[in-house]
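Here the structure comes first, spelled out in structure tokens, and everything after it is commentary.
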Amino acid sequence: MSRVLIVGAGLTGSLCACLLRRALQNKVQIVVWDKARGSGGRMSTSRPPDCLSHSADLGAQYISATAAYAESHHSLYSELLSSGVLQPLDGLIEGLQQKDDTKNYMTPLGMGSVVKHFLSESGADLMYEHHVTSLYRRGASWEVQRKHGGSETFNAVVLTMPVPQILQLQGDLGDMLSVQQRQQLDGVMYSSRFAVALFFHPDVVFSFSWTAQYISDNFCICYIAADSRKRNSDVPGCGPSLVVHTSVPFGLQHLEREKEDVQPIILQELHKLLPGLPEPISIKCQKWRYSQVLTSVPNCPGHMTILDQPLLICGGDAFSHSNFDGCVESALSVLNVLKASL
């Protein structure tokens with residue numbers, strides 16, 4: 001039985017694991033490693049330190065499906081909608097600019113529930129706090145080493161983390177990249193931003209009517225969402241949550257600062273935009289060094305094969321485009337290569 005390691009428990013990695021399981025059933029052992037303490041990646045959902053407030057999506061906020069992708073990825077959308085993981089987003093989003101044929105979907109249990117759904121369907125051996133540091137070719141296998149020691153061997157490895165983290169891997173990977181591949185990977189650019197979640201007491205009711213708001217005239221903040229309202233989530237005894245995303249220029253300007261030093265600046269600007277906002281009972285700040293892909297690998301089919309045997313392949317939104325359907329395209333592309341190889 002082939003052992004396949006998927007590095008990264010975000011959307012691309014989780015969907016790839018799910019699709020591979022459905023394609024090859026029990027002919028393959030699927031292992032997923034992630035360096036974080038939980039799944040989701042940039043689609044993770046954060047819980048408050050207590051149970052008094054709703055959770056909050058600090059990364060991706062909702063899923064926008066164009067008519068073309070709604071058709072080409074119909075089976076996945078249908079699966080997520082029928083299982084209740086996705087629901088139509090009906091709340092008012094001020095300042096939203098998109099095409100008329102685009103439909104927006106929200107996740108009642110948070111964006112992380114999409115990733116959890118696919119991981120559950122995959123039956124993969126899921127390991128958190130497994131930080132891959134190096135890859136070594138050992139005949140027909142890969143030896144994959146982890147931070148703090150320990151290594152395992154696999155017949156195929158799929159790398160779905162951000163490209164700069166792929167390029168940081170030690171071992172044999174660097175020598176196997178062609179000059180063109182290295183140039184393509186070096187050319188991938190990401191936006192950076194900070195996100196802040198504010199968790200409120202159950203007695204709090206927001207005075208504004210919108211669900212989310214895009215802001216164009218603030219140097220710091222570009223988006224605010226009443227996260228609990230976005231999800232139509234009204235649980236008795238559970239307070240609302242608010243999510244704030246900074247602009248890309250602000251994120252770039254403060255990227256190398258500690259998030260604890262940047263959080264007060266964001267909160268100060270938030271209170272200018274929403275005067276009279278009640279005091280939260282807790283706050284969480286997240287720095288997204290790799291937020292969205294600004295420049296992807298050009299002319300890419302959704303993946304990059306570094307070695308055919310033993311298979312080493314890269315996937316993710318850097319090899320397609322930076323949204324839900326881009327990750328789906330990449331996962332489908334990676335799946336085709338895995339099926340042909342295993």
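What you are looking at is a predicted structure, and each value in this text was computed from that prediction instead of being measured. In this chain, numbering begins with 1 at the start of the sequence shown.
Here the closest heavy-atom approach between residue Gly315 and residue Val334 is recorded as CA-CG2, 4.1 Å. Among all heavy-atom pairs drawn from Ala17 and Ile30, the shortest one is O-CD1, 3.5 Å. The two residues Gly316 and Ser330 make their nearest non-hydrogen contact at N-OG, 2.7 Å. Tyr128 and Gly38 make their closest contact through CE2-C, 3.3 Å (heavy atoms, listed as atom of the first residue, atom of the second, distance).
Relative ring orientation between Tyr190 and Tyr290 is described as perpendicular, the plane-to-plane angle rising above 60° on a 0-90° scale split at 30° and 60°. Between Tyr105 and Tyr77, the angle of the ring planes lies from 30° to 60°, which puts this pair in the tilted group.
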Donor-acceptor list for residues 146-159 side chains, cut-off 3.5 Å, not counting sequence neighbours:
| from | atom 1 | to | atom 2 | distance (Å) |
| --- | --- | --- | --- | --- |
| Ser151 | OG | Glu143 | OE2 | 3.1 |
| Glu152 | OE1 | Arg3 | NH2 | 3.0 |
| Asn155 | OD1 | Arg3 | N | 2.7 |

Under 3.5 Å, which donor-acceptor pairs link side chains of residues 297-312 to any protein atom two or more places apart or in another chain?
| from | atom 1 | to | atom 2 | distance (Å) |
| --- | --- | --- | --- | --- |
| His303 | ND1 | Ser333 | OG | 2.5 |
| Gln309 | NE2 | Ser341 | OG | 3.3 |

Going by atom type alone, with no hydrogens or angles, which donor-acceptor pairs under 3.5 Å involve a side-chain atom of residues 260-280 and a protein atom two or more places apart or on another chain?
| from | atom 1 | to | atom 2 | distance (Å) |
| --- | --- | --- | --- | --- |
| Glu269 | OE1 | Asn218 | ND2 | 3.0 |
| Glu269 | OE2 | Lys272 | NZ | 3.1 |

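To the nearest 0.5 Å, the span separating NZ on Lys230 from OG1 on Thr211 amounts to 10.0 Å. For the atom pair CG of Leu135 and CD of Gln145, the computed distance is 9.0 Å after rounding to the nearest 0.5 Å. Expressed to the nearest 0.5 Å, how far CD of Glu129 lies from CH2 of Trp33 amounts to 14.0 Å. Between Leu185 atom CG and Leu177 atom CG the span is 6.0 Å, to the nearest 0.5 Å. Between atom CG of residue Leu58 and atom OG of residue Ser44 there is a gap of 6.5 Å, rounded to the nearest 0.5 Å. Taking CG from Leu255 and CD from Gln253, the interatomic distance works out to 11.0 Å, rounded to the nearest 0.5 Å.
Contact annotation: the side chain of Thr12 never approaches that of Ser320 to less than 4.5 Å [non-hydrogen atoms, C-beta and beyond].
Checked by atom type, the side-chain pair Arg231/Ser241 shows no donor-acceptor distance below 3.5 Å.
In this structure, the ring of His321 has its center less than 6.0 angstrom from the ring center of Tyr69.
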